[in-house]
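These notes concern the structure reproduced below.
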Amino acid sequence: FGHRVGIHMDKLAASRIKALWYDPREGTFSVIGEYTNRGIREFVPPSSGDHNDWLLVLEAQTKNFPTEISQP
């Protein structure tokens, strides 16, 4: 697994946060879970190593953004 990242959840504006990992190699999202915006929460990427980058996405639970990338 990759390196842990600690997020100060109370710095986010929404009361509930949906967390996802985005895989830029595949263009896919993986839902981590939904959390309150209190304290520090640690997130660990699903894999590590060369060419195994991940993007942590934190969004307001109420926004319900699409989790698919549209192809041109």
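Numbering of residues begins at 1 and proceeds along the displayed sequence. Quick note: numbers below take in every heavy atom, side chains included, and nothing from hydrogens, waters or symmetry partners.
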Original post:
Of all heavy-atom pairs between Pro45 and Trp54, which one has the smallest distance, and what is that distance?
Top reply: CB-CD1, 3.8 Å
Subject >> Contacts of type side-chain contact (heavy atoms from CB on, under 4.5 Å), residue Thr36, not counting sequence neighbours >> reply: Arg16, Arg38
Original post:
Is Ile17 reachable from Val31 through a run of hydrophobic residues whose side-chain heavy atoms are each under 4.5 Å from the next?
Top reply: no
Subject >> side-chain contact (heavy atoms from CB on, under 4.5 Å) involving Leu56 - partner list, sequence neighbours excluded >> reply: Val5, Ile7, Trp21, Ile32, Phe43, Leu58
**OP:** Output every pair passing salt bridge (charged side-chain N to carboxylate O under 4.0 Å, His left out) with a member in residues 20-36, not counting sequence neighbours, ordered by first then second residue.
**Re:** Asp23-Arg25
Original post:
salt bridge (charged side-chain N to carboxylate O under 4.0 Å, His left out): which pairs involve residues 3-14, sequence neighbours left out?
Top reply: Arg4-Glu42
